[in-house]
Amino acid sequence: MINIVLFGKPGAGKGTQAEFLKEKYKLTHISTGDVFRFNLKNDTELGKQARVYMDAGDLVPDELTTKMLIDEVNKHPDTNGVLFDGYPRTLSQAEALDVFLESIGSKVAATVALEADDEILIQRLLERGKTSGRVDDQDEEKIRNRYQEYNEKTAPLMDFYKNQDKFFIVDGIGSIAEITERVSAVIDNL
Ligand code: B4P
């Protein structure tokens, strides 16, 4: 299994790049944001619990998120590898992911961070909010809260992966195809 973590601030393009990378490398794409949104839409118990956090732009509690993530990975026992999109987002999630992957004889091969300036990203999200119907994309205050959550809880993961020599930074500004090339160059060199 070759497992790649796509890392970056909200709107950095993780989901956008994952759509291309999953085809190119035949990986299973798991977006925790998408799985949560599916549960919200279908009004499941998990959706009901996650909604209040997501709508406010807060992270969903670790216990709920990690259980959901493990359930998703377990649905694909024969996969070539997983493209983790939006997970882990806290140190506790990163540690839980390592423990889980080790239990199935696997590990994170690399974490690829898409880097871009906050103000550009906020504009991207507001633009998407015009058509996505996502409550968390429509209000600048909620978007700024997502960046605060990122700075406080997710940014520390950079050191976690740097200390394991698994952290690769890619410039997230440019055309979608250019960025796919940059991420591919990292994966091809692993
Ligand atoms: P996510 O669904 O992961 O959303 P995201 O960070 O907004 O998106 P992403 O970086 O994938 O951006 P995208 O490609 O879509 O999370 C939403 C919420 O779910 C979180 O706030 C949290 O509440 C919850 N959640 C999810 N995972 C969790 C976890 N592990 N723990 C706790 N809570 C969790 O791109 C954004 C926009 O930019 C798009 O409109 C796209 O078209 C555009 N774009 C992309 N690339 C571009 C480029 N190169 N140039 C111009 N525009 C571009």
Side-chain angles (χ1 to χ4, degrees), residues 4-22 29-41 46-73 82-97 100 108 111-157 160 170-183:
I4 308 289
V5 172
L6 278 179
F7 188 87
K9 292 177 179 173
K14 303 180 290 290
T16 304
Q17 290 303 321
E19 289 304 316
F20 296 96
L21 298 167
K22 72 176 181 189
H29 172 209
I30 298 180
S31 156
T32 38
D34 285 351
V35 181
F36 278 133
R37 281 185 288 277
F38 175 85
N39 280 279
L40 251 59
K41 198 169 151 220
L46 177 63
K48 283 182 188 136
Q49 291 180 58
R51 182 184 297 280
V52 55
Y53 300 100
M54 292 184 71
D55 284 357
D58 290 336
L59 291 183
V60 179
D62 287 336
E63 205 183 325
L64 212 59
T65 309
T66 295
K67 186 186 173 310
M68 178 186 84
L69 186 276
I70 291 175
D71 287 347
E72 283 302 311
V73 178
V82 178
L83 198 50
F84 292 98
D85 164 8
Y87 187 99
R89 268 175 150 108
T90 66
L91 205 49
S92 146
Q93 292 181 14
E95 287 165 353
L97 181 62
F100 167 65
V108 169
T111 296
V112 184
L114 300 172
E115 261 202 350
D117 179 74
D118 285 10
E119 297 308 317
I120 292 177
L121 298 183
I122 289 169
Q123 287 315 312
R124 279 188 193 175
L125 294 180
L126 286 169
E127 200 49 44
R128 179 172 70 184
K130 290 179 188 166
T131 54
S132 68
R134 277 178 60 171
V135 177
D136 61 341
D137 280 349
Q138 288 167 359
D139 174 338
E140 191 162 335
E141 208 173 306
K142 285 177 183 166
I143 294 177
R144 291 199 182 273
N145 183 45
R146 287 159 68 190
Y147 284 85
Q148 200 170 326
E149 287 279 85
Y150 172 89
N151 288 331
E152 280 173 20
K153 298 174 182 168
T154 309
L157 289 187
F160 178 84
V170 161
D171 181 359
I173 300 295
S175 74
I176 288 168
E178 280 167 348
I179 297 164
T180 308
E181 283 306 309
R182 290 174 200 153
V183 179

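Counting starts at 1 for both ligands and their atoms, in listed order.
The heavy atom nearest to atom 8 (O) of ligand 1, considering only Gly11, Gly8, Gly15, Ala177, is found in Gly11. Distances from atom 31 (N) of ligand 1 to the heavy atoms of Met54, Gln93, Arg146, Gln123 put Gln93 nearest. Nearest residue to atom 15 (O) of ligand 1 from Lys142, Arg128, Lys14 is Arg128 (criterion: closest heavy atom).
Residue Lys9 has at least one heavy-atom neighbour below 4.0 Å for each of these atoms of ligand 1: 10 (O). For ligand 1, the atoms sitting less than 4.0 Å from at least one non-hydrogen atom of Ile179 are 49 (N), numbered in the order shown with element in parentheses. The ligand atoms of ligand 1 that sit less than 4.0 angstrom from a heavy atom of Ala12 are 10 (O). Listed by number with element, the atoms of ligand 1 under 4.0 angstrom from any heavy atom of Arg37 are 2 (O), 17 (C).
At least one N or O atom of Thr32 sits closer than 3.5 Å to an N or O atom of ligand 1. When only interatomic distances are considered, the shortest N/O to N/O separation between Thr16 and ligand 1 falls below 3.5 Å. Between Gly86 and ligand 1, a contact under 3.5 Å exists for at least one N or O pair. The shortest N/O to N/O separation between Gly172 and ligand 1 does not fall below 3.5 Å. For ligand 1, the polar-atom distance check against Tyr87 finds no nitrogen or oxygen pair separated by under 3.5 Å.
Assignment of Glu149 to the shell around ligand 1 is not supported, since no heavy atom sits closer than 4.0 Å. Ligand 1 lies out of reach of Gln17, whose nearest heavy atom is not under 4.0 Å from it. Ligand 1 lies nowhere less than 4.0 angstrom from a heavy atom belonging to Ser31. Using 4.0 Å as the threshold, Thr90 has no heavy atom nearer than that to any atom of ligand 1. By the 4.0 Å heavy-atom criterion, Gly174 is counted among the residues contacting ligand 1. Contact annotation: Glu127 has no heavy atom less than 4.0 Å from any atom of ligand 1.
For the pair Ala94 and Pro88, the tightest heavy-atom approach, listed with the atom from each and the gap, is N-CB, 3.4 Å. Gly172 and Arg182 make their closest contact through N-NH1, 4.4 Å (heavy atoms, listed as atom of the first residue, atom of the second, distance).
Taking CG from Leu21 and CD1 from Ile4, the interatomic distance works out to 8.5 Å, rounded to the nearest 0.5 Å. Within the model, atoms CD of Glu72 and OG of Ser31 stand 9.5 Å from one another, a figure rounded to the nearest 0.5 Å. To the nearest 0.5 Å, the span separating CD on Gln138 from CZ on Arg128 amounts to 11.0 Å. In this structure, Gln123 CD and Leu126 CG are separated by 5.5 Å, a value rounded to the nearest 0.5 Å. We find the CD-CD distance between Glu95 and Gln93 to be 11.0 Å, quoted to the nearest 0.5 Å. For the atom pair CG of Leu91 and CZ of Phe160, the computed distance is 6.0 Å after rounding to the nearest 0.5 Å.
Looking only at heavy atoms of the protein, atom 51 (C) of ligand 1 is closest to Arg124 NE, 3.6 Å. Of all protein heavy atoms, the one lying nearest to atom 4 (O) of ligand 1 is Arg134 NH2, 3.6 Å. Nearest protein neighbour of atom 33 (N) of ligand 1, counting heavy atoms only, is Val60 N, 3.1 Å. In terms of protein heavy-atom proximity, atom 23 (O) of ligand 1 is closest to Asp58 O, 2.7 Å. Looking only at protein heavy atoms, the nearest one to atom 1 (P) of ligand 1 is Arg89 NH2, 3.8 Å.
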Legend entry - Check against salt bridge (Lys or Arg N to Asp or Glu O under 4.0 Å), Asp139 and Arg146: CA-CA 11 Å; Asp139 174 338; Arg146 287 159 68 190; over 6 Å; no

Inset, instruction - Take Phe84 and Thr32 through the side-chain contact (heavy atoms from CB on, under 4.5 Å) test and state the conclusion after the steps. - result: CA-CA 8 Å; Phe84 292 98; Thr32 38; over 6 Å; no

Legend entry - Intermediate values then yes/no, side-chain contact (heavy atoms from CB on, under 4.5 Å), Met54 and Arg134: CA-CA 10 Å; Met54 292 184 71; Arg134 277 178 60 171; 6.0 Å; no

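Of the listed residues (Glu141, Gln148, Glu140), just one forms a side chain to side chain donor-acceptor pair (under 3.5 Å) with Arg144, and that residue is Glu140.
At a threshold of 4.5 Å between non-hydrogen side-chain atoms, the residues Leu46 and Phe36 count as touching. For the pair Leu114/Val183, a side-chain contact is recorded, criterion being any heavy-atom separation below 4.5 Å from C-beta on.
Residue Thr65 touches ligand 1 through its side chain alone, judged by heavy-atom distances below 4.0 Å.
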